[in-house]
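The structure under discussion appears below in the form of structure tokens.
Residue numbering restarts at 1 for every chain, and letters A, B, ... go by the order of the sequence lines.
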2 protein chains.
Amino acid sequence: MKQEIARLGYALLGLLHGNPSSGYDLRKIFALTPMSTFSDSPGAIYPALRRLQRAGLVRGQVEGGSGSRRRQVFQPTSTGTAALKQWLTLPLEHEDVVRRMEELSLRFAFMDLVVGKHGSVRFLKSLERELKAYVPTLRRYLESMKAKMPLSSRLALENGIRGYETHLRWARAAVSAYEKEV
Amino acid sequence: MKQEIARLGYALLGLLHGNPSSGYDLRKIFALTPMSTFSDSPGAIYPALRRLQRAGLVRGQVEGGSGSRRRQVFQPTSTGTAALKQWLTLPLEHEDVVRRMEELSLRFAFMDLVVGKHGSVRFLKSLERELKAYVPTLRRYLESMKAKMPLSSRLALENGIRGYETHLRWARAAVSAYEKEV
DNA sequence: GGTGGCATGTAACCGGTTACATGATTAT
DNA sequence: ATAATCATGTAACCGGTTACATGCCACC
């Protein structure tokens with residue numbers, strides 16, 4: 001019963017939260033908006049919705065009347081919302097920053113609506129803390145290794161580090177944005 | 001025979017190029033360097049090496065003498081190097097930037113050694129071209145949607161855009177780095 | 001003789017990719 | 001009528017995750 005939820009599952013839960021949608025609607029989101037990091041393939045989305053439904057995390061209701069392939073609109077159940085909230089409030093760990101930065105971005109996108117401003121700011125501050133620690137270790141690694149690295153490898157690493165530095169600056173700016181707001 | 005090669009497969013081919021290593025060596029690279037976006041799990045690496053071997057892309061030779069679990073060092077065959085080169089010189093497409101930016105970074109890291117300065121610069125210029133086109137479309141999307149988006153979603157998108165802007169600035173700086181060099 | 005590091009492997013499970021397939025409704 | 005779009009589905013395949021397992025060697 002307590003099956004794990006995959007990334008796509010959380011993306012769907014987040015999108016459905018406060019926005020009941022059909023599989024087709026969700027596909028269009030993935031196809032036409034910057035959420036296009038996710039695949040809009042039916043082979044990904046419909047099975048994912050079924051899994052969520054079987055796990056009792058979303059409820060679907062068929063719109064209109066006749067026909068075997070009629071539009072079905074999904075929305076999270078209370079357990080679904082709880083699972084989403086639990087995911088959003090998971091403590092941020094070093095590994096998240098190293099290997100799952102995109103997932104963190106996704107989590108943050110849903111925060112306001114589900115866990116509110118406080119949750120969002122708490123998240124940003126722990127992200128800031130992790131990045132503040134991580135960036136210097138990357139810089140040190142680059143310094144100690146660059147003599148032995150080919151230029152493109154060095155530059156690739158530099159690119160990665162700049163990415164993290166950008167995230168860090170962004171996190172600080174985002175905290176200010178919340179402080180300014182209201 | 002013409003099986004597709006997964007990302008991990010290319011990562012291994014790239015690391016082995018000019019650097020014959022054992023599975024264990026490769027695991028340590030993934031565990032201890034900024035290549036840690038890849039898993040260092042034996043369940044990922046050893047099967048991947050076997051696949052490459054079966055496909056004739058790497059050749060392994062057992063070091064030392066006795067024992068059933070003796071260190072085995074792999075290196076790319078000429079077909080392996082050809083496959084790597086082919087991957088590295090694949091034309092850069094819009095979809096790569098949208099959905100596979102990390103893969104592009106990985107590709108670039110191996111460029112110098114395999115396709116040389118020319119290949120690296122060509123890659124950077126096409127990356128620059130793609131990003132120069134993509135960033136404004138993201139900015140426009142944000143402008144047109146931000147009124148309807150919760151703050152955290154807006155900020156998450158802003159984060160993504162800044163990431164791409166950073167990549168763009170980096171690509172330009174990287175081209176200069178090549179021009180300055182020799 | 002026991003701990004820890006070196007070194008390699010396997011198997012169950014699961015989710016995404018790709019490709020194929022169906023059928024209703026709307027627009028030309 | 002027929003093409004396009006709405007809308008949902010399935011099945012084979014494949015690779016990564018997780019967990020488990022084996023065995024050698026060095027050192028204390």
Side-chain angles (χ1 to χ4, degrees), chain A residues 1-13 20-32 35-55 57-58 60-74 95 99-100 102-103 106, chain B residues 1-13 20-32 35-55 57-58 60-74 95 99-100 102-103 106:
Chain A
M1 189 94 205
K2 202 30 281 174
Q3 297 280 90
E4 299 260 305
I5 305 170
R7 231 146 114 165
L8 175 58
Y10 285 116
L12 296 176
L13 277 176
S21 315
S22 68
Y24 194 78
D25 293 339
L26 294 163
R27 288 185 62 202
K28 275 191 299 183
I29 292 174
F30 294 145
L32 305 173
M35 293 274 296
S36 49
T37 40
F38 287 94
S39 162
D40 68 334
S41 132
I45 288 161
Y46 292 106
L49 283 170
R50 284 284 157 259
R51 282 195 297 274
L52 292 174
Q53 195 177 34
R54 258 183 251 127
L57 302 171
V58 303
Q61 56 194 66
V62 180
E63 271 184 356
S66 65
S68 58
R69 269 164 146 82
R70 214 47 221 118
R71 179 180 160 88
Q72 187 175 184
V73 173
F74 293 91
E95 275 295 285
R99 302 189 50 188
R100 289 181 293 268
E102 287 198 16
E103 184 174 338
L106 180 69
Chain B
M1 191 97 199
K2 195 56 247 193
Q3 296 281 91
E4 299 261 304
I5 303 172
R7 226 142 116 173
L8 175 58
Y10 286 117
L12 296 177
L13 277 176
S21 315
S22 68
Y24 194 77
D25 293 338
L26 295 163
R27 289 186 61 203
K28 276 192 298 183
I29 292 173
F30 294 145
L32 305 173
M35 295 271 296
S36 49
T37 38
F38 288 93
S39 161
D40 68 332
S41 131
I45 289 162
Y46 292 106
L49 284 170
R50 284 284 156 260
R51 282 194 299 273
L52 292 175
Q53 197 177 34
R54 257 183 253 129
L57 303 171
V58 304
Q61 57 193 66
V62 181
E63 272 186 357
S66 64
S68 58
R69 265 161 148 82
R70 216 51 218 117
R71 179 182 160 88
Q72 187 176 183
V73 173
F74 293 90
E95 277 293 286
R99 302 187 52 188
R100 287 181 294 267
E102 287 198 15
E103 185 175 336
L106 179 69

Quickly work out the Leu49(B) CG to dT10(C) P distance and round it to whole Å.
12 Å

Between Ile45(A) and Phe30(A), is the side chain to side chain contact (heavy atoms under 4.5 Å, CB included) condition met? List the steps.
CA-CA 10 Å; Ile45(A) 288 161; Phe30(A) 294 145; 3.5 Å; yes

Between Gly9(B) and Leu52(B), which heavy-atom pair has the shortest distance, and what is it?
O-CD1, 3.8 Å

Please tell me which of the listed nucleotides, dT8(C), dA7(D), dG15(D), lies nearest to the side chain of Asp25(A)?
dA7(D)

Could you check whether Arg7(A) gets within reach of a base, just the sugar-phosphate, or nothing at all, counting any heavy atom under 4.0 Å?
nothing

Comparing Pro47(A) and Arg71(A) on DNA chain D - which has the more 5′ nearest nucleotide:
Arg71(A)

Base, sugar-phosphate, or nothing for Ala44(B), non-hydrogen atoms under 4.0 angstrom?
base

From the list dG9(C), dC6(D), dG16(D), which nucleotide is the closest neighbour of the side chain of Pro42(B)?
dG9(C)

Residue-phosphate contact under 4.0 Å: Arg99(A) side-chain N/O, dT17(D) OP1/OP2
yes

For dT22(C) and Arg70(A) - does any side-chain N or O of the residue sit under 4.0 Å from the phosphate oxygens OP1/OP2?
no

So which nucleotide from dG16(C), dT8(D), dG9(C) ends up closest to the side chain of Arg51(A)?
dG16(C)

Please tell me which of the listed nucleotides, dG16(C), dT5(D), dC6(C), lies nearest to the side chain of Ala6(A)?
dG16(C)

Per Ser41(A) side chain, nearest of listed nucleotides dT18(C), dT8(D), dG16(D):
dT18(C)

Choose from dT17(D), dT17(C), dT8(C) the nucleotide whose nearest atom is closest to any side-chain atom of Ser39(A).
dT17(C)

By the 4.0 Å heavy-atom rule, please label Arg50(A) as base, sugar-phosphate, or nothing.
sugar-phosphate

Taking Ser22(B) as the fixed residue, which of Lys28(B), Arg71(B), Arg70(B), Arg27(B) is the one that meets the side chain to side chain donor-acceptor pair (under 3.5 Å) rule?
Arg71(B)

Give one of base, sugar-phosphate or nothing for Gly23(B), where a contact means two heavy atoms less than 4.0 Å apart.
sugar-phosphate

